[in-house]
Amino acid sequence: MTTQTKKTTTRKTTTKRVKLPPNPFVHEVLDLVDSQRTKAKKIEILQEYTDDALKAILIWNFDPTAISIIPAGPVPYKENEVPVGTDHTSLRREWKNLYHFLKGGNDTLSTMRRETMFIQMLEGLHPEEAKIICLVKDKDLESRYKITYEMVQQAYPDIQWGGRS
């Protein structure tokens, strides 16, 4: 009879840090945040890739005084199907127009004009960014990404919450 010795090896698992390209899409940042295991890492990623567009959608989603005037629920738009990098706009370019879709932002627009502008914006965006805007208008970003109001507060202490509408 031979005795077998069991050799145990300890594997050291290191997580390779994913580096996003310069000026990443908002969905790329949120995907990276979502893939982190700890709250501290999520906050670190939010801080590293801070951007006005990212802050704007997080404010719209988490600030209870940022009230959407676009009807809740699914939006009837056609997803932009052209190859990435050819004919998409991004939230980095469009975030300055988001005020049109919030209470107190641009009250001179008719409901029909506002909804048409919203659909046109969605149809021009990268499909993943359009989905993010649809989630944010209903304050439902947490259903897709593991990110909380507390994380956003810690990552961006400069955001003034409240008093938006």
Side-chain angles (χ1 to χ4, degrees), residues 20-21 23-36 39 42-43 45-165:
L20 295 178
N23 301 321
F25 283 107
V26 169
H27 78 271
E28 292 175 317
V29 175
L30 292 177
D31 286 340
L32 184 58
V33 168
D34 192 51
S35 70
Q36 303 304 305
K39 183 178 173 183
K42 291 175 187 271
I43 292 168
I45 298 295
L46 285 171
Q47 290 172 334
E48 181 177 348
Y49 294 103
T50 188
D51 176 70
D52 290 336
L54 179 61
K55 284 183 178 182
I57 64 144
L58 292 172
I59 289 169
W60 188 359
N61 189 77
F62 290 111
D63 192 333
T65 63
I67 300 168
S68 180
I69 48 179
I70 299 294
V75 181
Y77 73 98
K78 187 176 184 306
E79 225 175 63
N80 191 339
E81 295 176 354
V82 297
V84 174
T86 55
D87 195 31
H88 292 98
T89 186
S90 71
L91 284 173
R92 286 181 172 273
R93 288 189 210 122
E94 296 292 332
W95 75 271
K96 291 180 182 178
N97 295 319
L98 296 180
Y99 76 95
H100 292 296
F101 313 118
L102 295 168
K103 184 177 178 183
N106 184 356
D107 295 330
T108 62
L109 287 175
S110 69
T111 303
M112 179 64 96
R113 176 69 182 132
R114 180 176 291 111
E115 291 176 13
T116 302
M117 286 173 56
F118 190 72
I119 289 170
Q120 287 172 340
M121 180 184 69
L122 292 176
E123 289 177 347
L125 287 171
H126 183 287
E128 291 301 314
E129 293 204 333
K131 289 174 188 171
I132 288 170
I133 290 296
C134 290
L135 289 171
V136 166
K137 81 167 177 66
D138 294 333
K139 297 194 179 289
D140 198 24
L141 194 62
E142 304 93 325
S143 70
R144 171 110 186 257
Y145 299 100
K146 296 175 202 134
I147 185 169
T148 64
Y149 175 63
E150 291 76 27
M151 286 180 212
V152 175
Q153 281 184 309
Q154 288 180 23
Y156 307 121
D158 59 319
I159 293 177
Q160 297 295 315
W161 298 98
R164 299 205 187 275
S165 57

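These numbers were taken from a predicted model, which means no experiment stands behind them.
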Start with the C-alpha gap between Ile147 and Asp34, add the side-chain angles, then the distance that decides, and say whether side-chain contact (heavy atoms from CB on, under 4.5 Å) holds. CA-CA 7 Å; Ile147 185 169; Asp34 192 51; over 6 Å; no
Please walk me through it: do Gln153 and Trp161 pass side-chain contact (heavy atoms from CB on, under 4.5 Å)? CA-CA 9 Å; Gln153 281 184 309; Trp161 298 98; 3.7 Å; yes
Show your reasoning for whether side-chain contact (heavy atoms from CB on, under 4.5 Å) applies to Tyr49 and Val33. CA-CA 10 Å; Tyr49 294 103; Val33 168; over 6 Å; no
Let me see the working for Ile69 and Phe118 under side-chain contact (heavy atoms from CB on, under 4.5 Å), right down to the final yes or no. CA-CA 11 Å; Ile69 48 179; Phe118 190 72; over 6 Å; no
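Here the shortest heavy-atom pairing between Ala66 and Ile59 reads CB-O, 4.0 Å. Scanning all heavy atoms of the two residues, the minimum distance from Lys146 to Lys42 falls at O-NZ, 3.1 Å. The two residues Val75 and Cys134 have their closest heavy-atom pair at CG2-SG, 3.9 Å. Contact record, Lys139 with Asp63: NZ-O, 2.8 Å, taken as the closest heavy-atom pair. Heavy-atom minimum distance, Glu142 versus Phe62: OE2-CE2, 3.0 Å. Of all the heavy atoms in Asn106 and Arg114, the pair that sits closest is O-NH2, 2.6 Å.
The CD1 atom of Ile57 sits 9.0 Å away from atom CG of Leu98, with the distance rounded to the nearest 0.5 Å. Here the OH-CD distance, from Tyr77 to Gln120, works out to 14.5 Å after rounding to the nearest 0.5 Å. In this structure, the separation between CG on Leu135 and CG on Leu30 is 10.0 Å, given to the nearest 0.5 Å. Atom CG of Asn80 is separated from atom NE2 of His126 by 9.0 Å, given to the nearest 0.5 angstrom. To the nearest 0.5 Å, atoms CG (Leu122) and CD (Glu94) are separated by 10.0 Å. For the atom pair CD of Glu115 and CG of Leu109, the computed distance is 11.0 Å after rounding to the nearest 0.5 Å.
Of the possible polar contacts, none joining the Arg92 side chain to the Val26 backbone as a donor-acceptor pair under 3.5 Å is found. A distance-only check finds no donor-acceptor pair linking the side chain of Thr50 to the backbone of Gln47 [under 3.5 Å]. Checked by atom type and distance alone, the side chain of Glu79 never pairs as donor or acceptor with a backbone atom of Pro127 at under 3.5 Å. Using a distance-only test at 3.5 Å, with no hydrogens or angles considered, a donor-acceptor pair links the side chain of Thr65 to the main chain of Gly163. Looking at Lys39, its side chain never comes within 3.5 Å of a backbone N or O of Thr148 through a donor-acceptor pair. Counting only distance, with no hydrogens or angles, the side chain of Asn61 and the backbone of Lys137 share no donor-acceptor pair below 3.5 Å.
A salt bridge links Arg144 with Glu128: the distance from a Lys NZ or Arg NE/NH1/NH2 to an Asp or Glu carboxylate oxygen falls below 4.0 Å.
Taking the side chain as every heavy atom from C-beta outward, Phe101 and Met117 approach each other to under 4.5 Å. Residues Ser68 and Asp138 have side chains not in contact (no heavy-atom distance under 4.5 Å, counting atoms from C-beta outward). No side-chain heavy atom of Trp60 sits under 4.5 Å from any side-chain heavy atom of Leu141. Side-chain contact check for Ile45 versus Leu20: every heavy-atom pair is 4.5 Å or farther apart.
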